[in-house]
Amino acid sequence: MAEDGFEAFEAALDEVVNPGKPEPGEPEGTDASDPLLADLTDPQREAVTHTEGPLLVLAAAGSGKTRVITRRIAYLVRNGIPPWSILALTFTNKAAGEMRERVLGMLGDDPSPTRGLTVTTFHSLCARLLRRYAEQAELPGLKPNFTIYPAADQLALMKRVVRDAQLSTSNWSPRSVLAAISNAKNELIDAERFAADASDFYSKTIAKLYTGYTRALRSAGAVDFDDLLLLAAAMLRDRPAIRAECLGRWQYLLIDEYQDTNHVQFVIASLLASGGQSRESNLLAGLPGVEPDDEPPASGEDAPNICVVGDPDQAIYGWRGADITNILEFEERFPSTRVIALGQNFRSTTPILANADTLIRHNKRRKHKPLFTEREGGEDVEVLRCGTEHDEARAVVEWFESLGEDGSPADREGGLKGLAWRDMAVFYRTNALSRVMEDELRSAGIPYVIARGTAFYEREEVRHALAYLRLVANSADDVSLLRVINTPARGIGKTTVAHLQAFASANSITLFEAMRRVSDVDGLSARAVNAVTRFVEMVDRWTGAGKFMGGEVAGSLGELGERVVRESGLEAMYKKQAETSGSEADEERLENLDEVVSSVAQFESEYAPDADPAQFDAQAPITDTPPLLSMLRAYLESVALVSDADAIDPTQGAVTLMTLHAAKGLEFPAVAMIGLEEGLLPHARSNQSDEMLEEERRLCFVGITRAMRRLTITSARYRTHRGMPERTIASRFLEELDADHTRVRDRDDEQMIDDFDATPTAAIGGSPMDRQTNDLAAQFPEGATVRHPQFGVGTVVTVSRGRYARARVRFRDVGEKTLILEYARLTRVN
DNA sequence: GTTGCCAAGTTTTTT
DNA sequence: ACTTGGCAAC
């Protein structure tokens, strides 16, 4: 069925193949001397100037997509469209920030042209809309001060829900239950509908847990990531007045990375897409008493100005519910859609592009579109087989050094200057692969940054500090309260908490409310009562007993953050730990606490209430929320919605390390892709179906097409997995590259020769890993106990040396076998 | 109520 | 390898 989605490309492809055919709808007087349009190709220019009506831009990798989007916004603004009526949705906050910057740069230094321009992510937009309209929309249990639960808190909550339902967490792993619920939410299925659809035992149980989880979230005044989209979509659908207000504001809608939007996002986009005449009818529909209108009219006559940009070959979020059918649905939804394909690549050299193209042709569920460049020359892509992951990391480091500040001999000959560290990046399939790379870069003294924006916020000490802040922002947030109730230890132990929880649920009040009424709770020691009272008093001091007013309350967000970290005892707790242990890790924790405080202060200094997309009228405040509280909420929200990619700062002179997913949308002069092995890329978990395999291939394609000038792809013969060294198989994708534009090398062979020349006794000296690399047989000496994946545990009887070393192994269960070490996945057992 | 040790499972990707 | 959770000792 997705096959049909490619019809659109067919039409668009004709445009690419036979360019120059003037479009009937093309605006007259498109001035080639216009600085906004001058340096664009024909299809790019059309995408920029086709401002009215639905537009689908199929932008191949490196085809100047970002440029088209930013020009388009600038073009709109310059042609008199008020910036506040433009809404651009991106995938990450960083992409949003960059887009805003670039538009601003094009329009001059005066910030006024972009005033009110909304460039943000789906999630941020939805969070803001929900806060803005929570009360008016009367969504069940949703208050404007809701907390956004990150993954860890979702998990903690689900664990509780599963246990409360008298189910075992091993049969109903909170993780997989959450995944099932997430999938449902992405399809816009709420707990009620899920329950109605459930027929078998499994889905009935999930339905029960879904309901319980939702109830628990709401009573904690919390939502999860998926709720942001689900609830916003439901709100826009069921509350015509609210929708009308949004439609009235945003006349021009733009969505980047459209191939990675899922169904809810599509629905939100549809609901927000306004057209000339439809606004009137939608305003009428907003009158009280009108039934929720599920399907807004969107005929050709009534076509909204919605522009989506994407590339099906770069769809890498299928596991998150993103679907190619969104592109199909787009044209169904908006029949007058104009489709434009951008095929010319401006980023990469011919060899890089040739490899990307040859690889992606192996995807069957795909309509081929030509990727072409006018660039000549360029170095072949290097494919490097290494010994171990350490060897691999070292190879990458050496390569970077050769490209480095001094420039490689080859580059100098070719008239190219050496690359700066910031021009280089390492991509990998899973985060776990970063570690070895980091070690190697560190010992080589090469500066690097890891795109793990979320990692900081996942650290224990940071989560504690944030939990205190969330409790301050929302006293109903039980998960946060439970996290900090006895951290640092203050004498409120398990039994006390259990009593409080029982009291809370018996009286249908929040846990914090129960603590406030601690004197009414039975069975507590005087000690416990005292400890609880002091905790409540402490929180009340911060919040001014919930009013955020009075002399006791902090005058600024920074001050609040500082006080919370200090007065909670967190700082003292970690200080004491650092002093007694003297370990570096504990020192780091203290520094991280400081960093939280400064990030709070930083946020405060940059906070601009009128930049809020949900702020429809800059004059009137959204609500009567105390400014300190709304700032705190905004801070917590920004922290909850950071992405890994957000951490990348191109101004830093450092090599960038990131997952292939995080690399989407970026480009680097030199790229190393590591871990091209079966089980890693394609990932073992993605091997179950052709669809999944093709997504892995697209992931590989995305990695390749990030490279501008140089690309090295590596794999390791042995990789340590969960502590066990394992024999690997080279990725099938390596076979799918373009042999005419690749140079394959085996580092293992070379190194063995090198080492032999240098030191005949290579087996001595060097790290254990070197020896393993150089001489596999040395790893399995006679008498060694080994494990084979099929044959089990055995003892090495004899072993031969050399490249295809064989070992005779006496297995405990299956007798003696002769194995070629190169291919047997033997591991050493102690 | 608190601390420390051992066993077990674990992650693929992310807003 | 590394974290997390359960349990026993203090």
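Keep in mind that what you see is a predicted model, and the values were worked out from it rather than measured.
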Reading DNA chain B from 5' onward, which residue's closest nucleotide shows up sooner: A:R490 or A:F225?
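The 5'-side residue here is A:R490.
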Pairwise 5' ranking along DNA chain B for A:R320 and A:A489, keeping only the more 5' one
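It is A:A489 whose nearest nucleotide is closer to the 5' end.
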Between atom [atom1] in [X] and atom [atom2] in [N], what is the gap in whole Å?
X      : N      : atom1 : atom2 : value
A:M658 : B:dT14 : CE    : P     : 11 Å
A:N262 : B:dT15 : CG    : P     : 13 Å
A:D224 : B:dT14 : CG    : P     : 18 Å
A:R483 : C:dG5  : CZ    : P     : 10 Å
A:L524 : B:dG1  : CG    : P     : 9 Å
A:N171 : B:dG9  : CG    : P     : 13 Å
A:L229 : B:dT14 : CG    : P     : 17 Å
A:E694 : B:dT13 : CD    : P     : 22 Å

Do the side-chain N or O atoms of A:S686 get closer than 4.0 angstrom to the phosphate oxygens (OP1, OP2) of B:dT13?
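So the side chain of A:S686 is outside the cut-off, no N or O lying under 4.0 Å from OP1 or OP2 of B:dT13.
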Strictly below 4.0 Å: does A:T720 bring a side-chain N or O up to OP1 or OP2 of C:dA1?
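The answer is no; no side-chain N or O of A:T720 sits under 4.0 Å from OP1 or OP2.
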I'd like to check, for A:W319, whether its ring lies over the base of B:dT12 with centroids under 5.5 Å apart and a plane angle smaller than 30°.
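Base of B:dT12: not stacked against A:W319.
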Would you mind telling me which of [options] lies closest to the side-chain atoms of [X]?
X      : options                : result
A:R685 : B:dT12, C:dG6, B:dT15  : B:dT12
A:R722 : B:dT10, B:dT15, B:dT2  : B:dT10
A:R429 : B:dT14, B:dT12, B:dT15 : B:dT12
A:T495 : C:dG5, B:dG1, B:dT12   : B:dG1
A:H683 : C:dG6, B:dT12, C:dC2   : B:dT12

Report which part of the nucleic acid [X] touches: base, sugar-phosphate, or nothing (heavy-atom distance under 4.0 Å, all strands).
X      : result
A:N486 : sugar-phosphate
A:N431 : sugar-phosphate
A:F122 : nothing
A:R527 : nothing
A:K664 : nothing

On a whole-Å scale, what distance lies between the C1' atoms belonging to C:dG5 and B:dT12?
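It comes out at 24 Å once rounded to the nearest Å.
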Mind checking the C1' distance from C:dG6 to B:dT11? Whole angstroms is fine.
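Pairwise C1' distance, C:dG6 against B:dT11, rounds to 22 Å.
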In Å and rounded to the nearest 0.5 Å, what is the CD to CG distance from A:E678 to A:L680?
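The distance works out to 9.5 Å.
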A:R435 or A:K494: which one's nearest nucleotide on DNA chain C is closer to the 5' end?
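Here A:R435 is the residue nearer the 5' end.
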Could you tell me whether A:R717 and A:D391 have a side-chain N and a carboxylate O separated by less than 4.0 Å?
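No, no charged N to carboxylate O under 4.0 Å.
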Parallel, tilted or perpendicular: which fits the ring planes of A:F668 and A:F427, with parallel below 30° and perpendicular above 60°?
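Ring orientation, 0 to 90° scale: perpendicular.
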For residues A:R483 and A:V479, determine if any side-chain heavy atom of one lies less than 4.5 Å from a side-chain heavy atom of the other.
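They are not in side-chain contact.
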Do A:R131 and A:F146 form a cation-pi contact, if we require the NZ or CZ to be under 6.0 Å from the six-membered ring centre and within 45 degrees of the ring's axis?
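Checked: cation-pi criterion met.
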Sole candidate of A:V529, A:N530, A:T495 that passes side chain to side chain contact (heavy atoms under 4.5 Å, CB included) when paired with A:L524
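Answer to the side chain to side chain contact (heavy atoms under 4.5 Å, CB included) test with A:L524 among A:V529, A:N530, A:T495: A:V529.
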